[in-house]
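Everything on this sheet refers to the single structure shown next.
For ligands, and for the atoms within them, numbers begin at 1 and follow the listed sequence.
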Amino acid sequence: MNKQPDMRVKIGSLEMKNPVTVASGTFGYGPEYADLVDLDRLGAITVKGISAEPHIGNNTPRTFETASGMLNAIGLPGPGAAGFCEKYLPFFENYKVPLIVNIWGKTVEDYGRVTELLDAPARVDALEVNVSCPNVKEGGALYGTDVDLFRSVVDEVRSKTDKPIIIKLAPNVADIKRFALAAEECGADAVSIMNSYPAMAINIETRKPELANRTGGLSGPAIKPIAIKLVWEAAQVVNIPIIGMGGIYSSEDALEFIIAGATAVAVGTANFTDPSTALRVIDGIESWLAAKGIAAVDDLVGTVRG
Ligand SMILES: Cc1cc2nc3c(=O)[nH]c(=O)nc-3n(C[C@H](O)[C@H](O)[C@H](O)COP(=O)(O)O)c2cc1C
């Protein structure tokens with residue numbers, strides 16, 4: 001019988017007891033899933049995007065099922081930083097699971113403000129900075145695809161907190177390595193790859209776009225090979241850890257990300273069909289490592305051959 005593998009990983013100073021979190025926006029703020037999943041088994045919880053002020057989001061329809069995935073243009077509705085701290089943080093006092101709060105802003109100053117507001121509560125363990133939402137007009141995609149604007153956001157967030165910051169990269173850039181390196185140079189603790197991919201679907205009878213926002217972000221199994229390539233490319237140039245995501249439905253999917261160079265992974269769209277996917281992924285990684293005689297999940301990171 002092989003020894004139990006060491007599943008612990010570190011994202012900056014954030015210690016995760018296993019490498020699996022959930023992708024922002026696919027797991028609510030946490031409490032919604034507490035009856036379905038033992039939250040304390042997760043490596044971390046990543047919550048839906050929070051801005052400095054409350055935000056309403058886009059009109060409906062906001063989601064549309066596609067072949068091997070889904071389109072969404074939710075538009076980042078949320079209670080704002082103060083609302084989040086008041087409404088959701090007390091719930092987490094009963095849990096040990098690390099909490100990663102995903103943040104976004106319409107301006108560089110907005111990113112700074114939301115960072116300041118979430119720097120204060122001790123229960124917030126890390127911030128994931130969304131510079132790559134394809135579904136909000138202001139900021140969003142622009143900050144993730146223009147390297148100078150990108151740097152200004154990372155600098156601003158870094159200047160307002162000592163907590164680990166994870167920069168969530170946009171997939172639709174010519175060279176992901178430039179953005180991963182820029183994040184590292186600006187003092188980010190990690191990057192996460194990838195956000196949903198800008199996409200569109202049209203109803204041929206009405207000739208109208210299927211989403212009220214017209215365009216949205218594609219997620220699910222369809223994007224996994226794109227995400228694997230981006231993680232692999234980024235892993236060749238940065239020393240900071242990468243959190244990989246995009247179409248993870250099984251432990252085999254997660255292992256592929258880890259071999260490509262991801263230190264941790266996030267389960268996203270799969271939560272909508274099976275909320276316990278992340279737990280299955282944790283168990284599957286552990287038994288695969290044990291079967292291969294690999295002592296620690298860290299030993300597998302970036303071990304792609306050829
Ligand atoms: C309905 C929905 C809402 C999302 N909301 C956010 C969000 O608030 N912030 C963010 O950074 N990413 C958000 N994402 C992107 C996911 O976190 C993830 O990066 C993407 O869906 C790829 O992973 P997946 O294919 O496993 O879903 C959202 C995705 C979906 C499907």
Side-chain angles (χ1 to χ4, degrees), residues 20-30 32-33 44-51 55-58 60-81 84 100-105 111 114 126-136 139-141 143-144 153 157 165-172 190-199 211 213 216-228 230-231 242-251 253-254 256-257 262 264-275 277-278 280-281:
V20 183
T21 182
V22 284
S24 175
T26 66
F27 208 75
Y29 299 98
E32 301 90 333
Y33 282 79
I45 288 186
T46 310
V47 305
K48 173 79 188 153
I50 298 288
S51 50
H55 190 69
I56 289 176
N58 293 333
T60 57
R62 294 170 164 184
T63 57
F64 179 72
E65 189 169 347
T66 62
S68 299
M70 69 180 275
L71 272 179
N72 92 82
I74 309 287
L76 297 171
F84 170 75
I100 301 172
V101 178
N102 181 284
I103 59 168
W104 68 279
Y111 277 97
V114 67
L127 299 177
E128 181 182 49
V129 187
N130 181 3
V131 284
S132 46
C133 182
N135 308 323
V136 285
Y143 289 118
V153 171
V157 171
I165 59 169
I166 304 154
I167 314 301
K168 188 158 181 180
L169 304 186
N172 51 317
V191 290
S192 48
I193 300 174
M194 61 180 255
N195 212 317
S196 53
Y197 200 97
L211 297 174
N213 190 56
L218 183 65
S219 64
I223 67 169
K224 194 188 78 173
I226 301 175
I228 294 285
L230 296 176
V231 167
I242 298 170
I243 304 179
M245 69 197 77
I248 297 180
Y249 275 62
S250 67
S251 53
D253 294 333
E256 195 178 337
F257 273 92
V265 294
V267 172
T269 301
N271 289 310
F272 297 131
T273 40
D274 178 3
T277 306
R280 275 195 292 111
V281 170

Above 12 or not: heavy atoms from other molecules or residues under 6.0 Å from CD of Glu65?
no
Just to verify, what does Pro221 make a side chain to side chain contact (heavy atoms under 4.5 Å, CB included) with, not counting sequence neighbours?
Ser68, Tyr249
Of all the heavy-atom pairs spanning Ala44 and Ile100, show the shortest one and how long it is.
CB-CD1, 3.8 Å
Which heavy-atom pair separates Ala270 from Val267 by the least distance, and what is that distance?
CB-CG1, 3.9 Å
So, using side-chain hydrogen bond (donor to acceptor under 3.5 Å, both in side chains) as the criterion, who are the partners of Ser51 when residues are at least two apart?
none
Nitrogen or oxygen contacts under 3.5 Å, ligand 1 side and protein side:
unit_1   : atom_1 : unit_2 : atom_2 : d
ligand 1 : 5 (N)  : Ser24  : O      : 3.4
ligand 1 : 5 (N)  : Lys48  : NZ     : 3.1
ligand 1 : 8 (O)  : Lys48  : NZ     : 3.0
ligand 1 : 8 (O)  : Gly49  : N      : 3.2
ligand 1 : 9 (N)  : Ser24  : OG     : 3.2
ligand 1 : 9 (N)  : Asn102 : OD1    : 3.3
ligand 1 : 9 (N)  : Asn130 : ND2    : 3.4
ligand 1 : 11 (O) : Asn102 : ND2    : 2.9
ligand 1 : 11 (O) : Asn130 : ND2    : 3.2
ligand 1 : 11 (O) : Lys168 : NZ     : 3.2
ligand 1 : 12 (N) : Lys168 : NZ     : 3.0
ligand 1 : 14 (N) : Ser24  : O      : 3.1
ligand 1 : 17 (O) : Ser24  : N      : 3.4
ligand 1 : 17 (O) : Ser24  : O      : 2.7
ligand 1 : 17 (O) : Lys168 : NZ     : 2.7
ligand 1 : 19 (O) : Lys168 : NZ     : 3.0
ligand 1 : 19 (O) : Met194 : O      : 2.8
ligand 1 : 25 (O) : Gly220 : N      : 2.8
ligand 1 : 25 (O) : Gly247 : N      : 2.7
ligand 1 : 26 (O) : Gly247 : N      : 3.2
ligand 1 : 26 (O) : Gly268 : N      : 3.2
ligand 1 : 26 (O) : Thr269 : N      : 3.4
ligand 1 : 27 (O) : Thr269 : N      : 2.8
ligand 1 : 27 (O) : Thr269 : OG1    : 2.6

The criterion is side chain to side chain contact (heavy atoms under 4.5 Å, CB included); which residues satisfy it with Thr60, sequence neighbours excluded?
Arg62
